Amino acid sequence: MPIHPPPHQQQQQQQQRSAPAPGRPLGVQQAEAALVEHYPRLVRLAYVVLPPALGRHRRVLAAHGAVQRALPGARAVPAPASRVPAQSRRRSSEEAAAEAVGADAAKGPVSAPYAWMRLRVLRTALAYERRPRWWPGRLPAPAALRPTLPVVWGLRLFPRAGGADELALDRALSGVPGAVRAAFALQLLEGLTESGARALLAEAGADDPAGAVRRAAGLGAPDRAGAQVLLRSGEFDPCSVQTRPSDLLRRRHRTRALALAATLCVVAGAVVVTAERGVQGAGDEGAWVSVPALDPAALLRTAAEQWADTSRIDFTAWPVRGDRRGDDGLLGRALRAWAEPSEAVRVSATPGTVDVPPAQPPQLLFAGEVDGAAVVLFHDRGVRVVRYAEPSAGGGAAALDFARTDDADVTTGAAVVVSRTGDTARFLLAPWISTATTRDLLAPGTPDRPLEVAPDGVTAPVERPAAGGGCDSWPVLRLRSSERIVENHAFLLTDLGDLAPAHLTYTPQPGSGAFARQPREATGPEALGAWARTACSLRALSGSGVRAVNNWAFAEQRLPEGGARAEWLCTRADTWRGPGRVLVQFLPPAGSPTTPAAVVADRNDTALCSRFGQHILAGTHWKAASGRWYVLAAGSRAVDRIEATGQVRGTADGPTLAVRAPRDASVRLTAGLREGGTLAAVR
């Protein structure tokens, strides 16, 4: 279903393009002509820049609204250049930036009216990123962003769905700020250079334009041409959409409610009937939220034993716990802070987690006193966990933390950080955890230490991994699931600074078997030995919303000059929002079982070392005991030939290679796969 701008006459449009610029009113006509001519291009730009949290339907309408509202009255349009002599003409900052950026496009100069309209569209789209925390939703928007036309009733609009590549790009864009999305779109859609994108972002009022351009350079890498094709696909085209009906039952209920409200207004005369009521004590603008969603009495509470009688073992099976779970005053304050946090509330969210108010009553997980604070934990629609904490004695600032938890399971839904004080943290454990202990990953040979757990599921303080300084220990939780749901299942969790701790796993080498092995719990001697040498690399993942980290031993190599064996690991961190990060680590023989591995490659937003990226090749320089340097390379089980080219040349049949080379030799490594195809080394 194509969407087009308001109709205009083609003859008038042609006249507007070719006519001279005698005065200011014609500037409006030129801007209108630019808008009509480039309407799909401007709407696509706005759609990419707008926050994905709006949802696809509202994002489509907001994109069209941003472009249609970009055409101002005659007084706001800069006068054409031919109207005033160049020596005396004083250009506005908008006009100057539009002309400068328009001439910087890689596609060639664009017209000044179009560049000026593009600047206005970009400003409006970026303004959505700076909306109040409680908007969007059912709440009224600020006056500058209040939506006008277009308005669609009874239908939901969606751009045409793309494939896995388009979905991956959309997820990557949803994880960065609007200024980064804008820089990415300006370069790939508009053809601007980096300097041109920086100038336009600065004029549009973006925060840190240079930083946005730098971050945008990493999106779509290394195949930027492919990313450009994806960005021009139907997935990002709000002018060609599909339609679905809105919620028919809800619409029918609302229609009946409106009819009833009209009847009551006629009978009572002056009675004002509202479907939703503002949060008590909130301001005039932005105080409207759904009453059931913020009513403590409407909170969802799961039965105590439901976890043992369901096939869905995640946060939805958690019962409500805590000695203040019946305190409506505390619960009401927590819900109101969630709906519209004041300046006194510290708010944090893991990357990719929305912090908008709940659309329906959330599930209550916990409400109680922990370490001198009143703590409330909510679970919202299977998507996120929300923690509210206020000092029990008063005088301090409250805190509101958000973390994604969609598709949690028996391990990733087993614990939540309920309190952090100093160098320790307390966890609220899932009801299916039967025993809990702690251990140090940098002491693989030592036994576990018992961990005390209160009847309400809150643990005693657990040491946290040090954020800086020396990496002398790495505390982890070792939890065991109840035999009522799974037999003999123990697993490790580590605190990486988010509400939900990360699940640690290990994948051993395939050995002589032909099939790849699956990740397993990192509780055995071999897994603990690998984690003892790689645990400190987890520091690089702190606060990035990591769901699970797997150590995959993809190769073992016999080293030259002595035949000692080295191991190659691919450490993959998967985030709750989807993208992953990979560290390839080389483990030569060492005198200590905790000698850190050498990180030889680091890649963001990649499928490497996952079920969708099972082939890998990596290399490094290595110095033997004799002082001679070598280039070493190793590949996963499907690699049957490795070749080194460049300043050093060499080949090897099989998954490993070692060749003499100067310390700083530039070498290009490629591998052949057993079933055909080639593989380049990860950098």
Side-chain angles (χ1 to χ4, degrees), residues 411-412 414-415 425 427 436-449 451 462-467 470-480 489-498 500-511 516-542 544 546-556 565-575 580-602 608-610 616 618 634 636:
T411 56
T412 54
F427 297 85
T437 57
T438 64
R439 65 173 303 111
D440 183 0
L441 284 184
L442 297 187
T446 60
D448 296 350
R449 296 180 295 275
L451 178 62
V462 178
E463 290 185 7
R464 299 167 55 193
C471 185
D472 301 323
S473 66
W474 198 276
V476 295
L477 291 174
R478 187 178 189 271
L479 307 180
R480 182 176 296 277
H489 178 223
F491 53 94
L492 299 184
L493 300 178
T494 186
D495 183 3
L496 294 182
D498 300 317
H503 179 208
L504 301 182
T505 56
Y506 175 73
T507 303
Q509 298 177 39
R517 297 184 180 180
Q518 299 301 312
R520 58 187 64 182
E521 302 303 347
T523 54
E526 185 179 1
L528 292 175
W531 273 112
R533 300 194 61 181
T534 57
C536 293
S537 65
L538 292 171
R539 279 183 171 180
L541 308 174
S542 179
S544 57
V546 173
R547 172 191 178 120
V549 189
N550 180 55
N551 257 344
W552 174 31
F554 68 88
E556 185 180 64
R565 292 188 174 273
E567 192 172 35
W568 294 79
L569 292 179
C570 185
T571 303
R572 178 177 177 83
D574 286 311
T575 62
R581 180 176 179 179
V582 160
L583 300 175
V584 179
Q585 307 197 60
F586 177 64
L587 283 69
S592 169
T594 60
T595 299
V599 177
V600 300
D602 186 348
L608 282 173
C609 306
S610 72
I616 186 171
S636 50

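FYI, the numbering just counts along the sequence from 1. Bear in mind that the values here come from a model prediction, so they are computed numbers and not experimental data.
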Which pair of non-hydrogen atoms, one from [X] and one from [Y], has the smallest distance, and what is that distance?
| X | Y | answer |
| --- | --- | --- |
| L608 | R572 | O-NH1, 2.9 Å |
| A553 | E567 | CB-OE2, 3.4 Å |
| P501 | A415 | CD-O, 3.3 Å |
| F554 | C570 | CD2-N, 3.7 Å |
| P519 | N550 | CB-OD1, 3.7 Å |
| P465 | T494 | CG-OG1, 4.2 Å |

Original post:
Checking side chain to side chain contact (heavy atoms under 4.5 Å, CB included) against W531, which of T594, V476, L442, L538 comes through?
Top reply: L538
Between the main-chain N or O of [Y] and the side-chain N or O of [X], is there a donor-acceptor pair closer than 3.5 Å?
| X | Y | result |
| --- | --- | --- |
| R533 | T595 | yes |
| R478 | A490 | no |
| R539 | A466 | yes |

Original post:
Which of parallel (below 30°), tilted (30 to 60°) and perpendicular (above 60°) describes F491 and H503?
Top reply: perpendicular
When you check the side-chain N and O atoms of [X] and [Y], is any donor under 3.5 Å from an acceptor?
| X | Y | answer |
| --- | --- | --- |
| E463 | S473 | no |
| D440 | T446 | no |
| D574 | S610 | no |

How long is the span from the [atom1] atom in [X] to the [atom2] atom in [Y], to the nearest 0.5 Å?
| X | Y | atom1 | atom2 | result |
| --- | --- | --- | --- | --- |
| E556 | W568 | CD | CH2 | 13.0 Å |
| L528 | L441 | CG | CG | 7.0 Å |
| Q509 | L569 | CD | CG | 8.5 Å |
| L496 | L541 | CG | CG | 6.0 Å |
| S544 | D498 | OG | CG | 6.5 Å |
| T507 | Q518 | OG1 | CD | 7.5 Å |

Original post:
Would L493 and F427 satisfy side-chain contact (heavy atoms from CB on, under 4.5 Å), going step by step from the backbone distance to the final call?
Top reply: CA-CA 11 Å; L493 300 178; F427 297 85; over 6 Å; no
Original post:
Can you list every pair that meets salt bridge (charged side-chain N to carboxylate O under 4.0 Å, His left out) and has a residue in residues 580-595, with sequence neighbours left out?
Top reply: R581-D602
